[in-house]
Each structure stands twice: as structure tokens, then as C-alpha cells.
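Single-structure report; data block below.
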2 protein chains.
Amino acid sequence: MELSANSATVGPDGAGLGGELRSTVARLFRRFRAERPEGALGDTALEVLSRLQKHGPQTLTELSEHDRVSPASMSQSVDRLTSAGYAVRARDMHDRRKVLFSATPDGVELARTARAQRNSWLNARLNALSAEDRRTIARACTLLGDIADS
Amino acid sequence: MELSANSATVGPDGAGLGGELRSTVARLFRRFRAERPEGALGDTALEVLSRLQKHGPQTLTELSEHDRVSPASMSQSVDRLTSAGYAVRARDMHDRRKVLFSATPDGVELARTARAQRNSWLNARLNALSAEDRRTIARACTLLGDIADS
DNA sequence: ATAATTCTTTAGTATACCTAAGGAGTTCGA
DNA sequence: TCGAACTCCTTAGGTATACTAAAGAATTAT
């Protein structure tokens, strides 16, 4: 990883930053995935479960738009949740084209414990940084989240 | 519900910065992938090609360790490159268990143009930020790169 | 009532990762 | 020196996650 000098990564037009960012994100993503415990649900399924737990029942379209994924992909992901008993389908009574997904008690429990397990090494590393570095990362998350949504 | 030292910055069940970071990285990663032009090589293949172009011939093990991926996975990824004519295999003459991979002229050309295409969208958005925000992201890249390698 | 639209699912395909098991080459020790 | 142990790579089989295209089901508009 030749991150090298700031002058190289933050040039007059930010030319090299894009490639740098792409590569860093890809490696972090793989690293996160590699931390998954044996036999656990995948990243996507787990994030969906978290979302259902935090925000209540959601339709397929809402879920797929939040994750920027096609409805077909999301359908598959929630399928893994429902067939494992962590979420349930229910027809929306006001618009019966829609299907509302919600987490079961098992799902809520799994979401909590799995999230804690999966984030433990990450949180340990973040806590080893200075408060200022954590603020930098928090600020970058906000900026990058906006870019992801643009 | 203890309020120990780390709970101020990192939530008790990973709902704080760690969870935020994980979610942001996952969404950015998917967004990057979605920007891939039709019929192009996948992310992994392209990054391998870039690496071969920049650092010269490498063994499978070197490539797989750099990307934190099993040798078997890397073998598959490189297969796509060789069967498309963008890279070639060559037995290492000093240790004939090893296989050295190198980019062909076609591969070098593809790596350059594909990288430029794929980063144009991202660079445009980064350039729309303030210089300070770009510095924040550059700094976060360094911090996060270290975490990915830890 | 029929047509168009919206929401979800199914089917088929591709990328990218894994573990397990094997082949081929090298190194080391009896 | 010969075989055991080790290293490097590949193959085989499986999983997770994504896509497009097209079908199925419910709603809304004409």
C-alpha cells in the first residue's frame, strides 16, 4: 500500500483519492466479511435483520432501496431470513400488493448477539485510536454515506 | 447498562461508530460495484491486473495474501484473466512449484482505461467537496487501511 | 371490464468467496 | 539416496450475493 505523501493523495483536483478510496473500501469490506463466524448469516441478511429490528416492519422495496440493491436480490436475502425463522412475511392490509417483513423474537435476539460479535474486533481497533482519529472517521462516514446515496 | 470508558464512543452492542462504519463501507462497496460498465471485468480481476501492471510478475500466493483471500479464490480470479488473454501463466524456473502471473499488453491497456472509467464518477463527487473534506477522507483512508491490514 | 401500473417472486446467470482434497515440486532426515 | 513432509497450485463442490428478464398478483385508471 503506497499511500505516500498527502500531496499525492490530495492533489489540486483530488485525482488519486478516488482510486485510493476504492481500494481501501474494497479491502475493508473483505476484511469485514472474513470476520464472519462459522455458520452465521451473511452480511446482507444480518443488516436487513438489524434494520427490521430498529425500524419496524418494512416492505421489500423499502429494504432494497435502502441497500441500493435490486428488489430481486433483496427478495432472496429476506428469503434466507424467513426460512431460518428470523423474520416473517405479512401481506400489507392497506395495499395487498405489498409484503411487510418483520423480525421474530429469535431474529431480534440473533441481530443483537451477532452484531456484537462481528463488531467486537472493529470496535477494539477503533477504541485504540485517538479521539480525534475517531472523529475523523465518523466525519468521513457521513461524507461517504452521502456519496453512496448520490 | 454500564457506562464504562468505551461506551461514550462505541455503543454497547456495536450500534455506534463500528456499526456505522460497517454499514457505510458495505453501501459504498455496492455503489462502486454498481458503477461497473457493461461487460467489464469484475472488481477483483481488475485489481489483480492493476497490481500485475504496477509491480510486475507475482506468484499466486503473493497475490492472494495481498488481497487477504484464499489461494483457491485467487486461482479462480486469475483464471478469468488468463482465459480472457489479459494475463499469462509462467512456471518459475527457480522453484518450479510456483507460477508467475504477468499482464499482457492487452491487460495493461485494459487496466489503464478501465480504472480511469471506473474512477471518474467517484472523482467527480470528491472534487465537489471542500478541500478540507477531501483531507478528512484521505486521512480516514489511511486509518482504515491500517485497520484492514491488522 | 380491460388495460396499465406497481409490488414481489421465480428463473437463470455471474462474481467472488470458502473448505477439502489432490497433484506436482522441493527439502530434509534417516 | 530415498521416502516423508512440506509448499504451491489447482480442481471440485458449495454458499452468499448480486444482476436481468419475465411471470404472478393486486391495485388503479380509462
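Order of the sequence lines fixes the chain letters, A, B, ..., with proteins taken first and strands second; residue numbering starts at 1 for each chain.
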Whole angstrom value for the distance that separates C1' of D:dA18 from CG of A:Leu63:
16 Å
Distance in angstrom units between B:Met74 CE and C:dC17 C1', rounded:
11 Å
Could you pull out the closest heavy-atom pair between A:Gln117 and A:Ser120, with the gap in Å?
O-OG, 3.1 Å
Between P on C:dT5 and CZ on A:Arg96, what's the gap in Å once rounded to a whole number?
23 Å
According to a strict under-4.0 Å criterion, is B:Ser77 in side-chain N/O contact with OP1 or OP2 of C:dA16?
no
Just to confirm, is there a sub-4.0 Å distance from OP1 or OP2 of C:dA16 to any side-chain nitrogen or oxygen of B:Ser73?
no
Tell me the closest heavy-atom pair linking A:Ser50 and A:Arg115, and the distance in Å.
OG-NH1, 2.6 Å
Take B:Asn127 and B:Arg134 through the side-chain contact (heavy atoms from CB on, under 4.5 Å) test and state the conclusion after the steps.
CA-CA 8 Å; B:Asn127 282 329; B:Arg134 275 197 297 275; 4.0 Å; yes
Counting only side-chain N and O atoms of A:Arg30, is one of them less than 4.0 Å from OP1 or OP2 of C:dA16?
no
Any side-chain N or O of A:Arg80 under 4.0 Å from OP1/OP2 of D:dA16?
no
Which label fits B:Trp121 and B:Phe32: parallel for a plane angle under 30°, tilted from 30 to 60°, or perpendicular past 60°?
perpendicular
Measure CZ/A:Arg31 against P/C:dC17 and give the value in whole Å, please.
15 Å
Looking at A:Asp146 and B:Arg125, is any side-chain nitrogen of the basic one under 4.0 Å from a carboxylate oxygen of the acidic one?
no
Spacing between B:Phe29 atom CZ and D:dT17 atom C1', to the nearest angstrom
10 Å
Calculate the interatomic distance between A:Phe32 atom CZ and D:dA16 atom C1'; express it in whole Å.
18 Å
Salt bridge check, A:Asp149 against B:Arg27: does any charged N sit closer than 4.0 Å to a carboxylate O?
yes
Rounded distance (Å) that lies between atom P of D:dT17 and atom CZ of A:Arg68:
19 Å
When the nearest nucleotide of DNA chain D is assigned to A:Gly42 and to A:Asp92 on a heavy-atom basis, which residue is associated with the more 5' position?
A:Gly42
For A:Glu47 and D:dT17, give me the distance from atom CD to atom P, rounded to whole Å.
10 Å
A correct 5'-to-3' footprint of nucleotides 5-14 of chain D, with B, S and - meaning base, sugar-phosphate only and no protein heavy atom under 4.0 Å, is --BSSBB---
Name the nucleic acid region contacted by B:Thr44, choosing base, sugar-phosphate or nothing; use a 4.0 angstrom heavy-atom cut-off, strictly under.
sugar-phosphate
Is any side-chain heavy atom of A:Gln58 less than 4.5 Å from a side-chain heavy atom of A:Leu100?
no
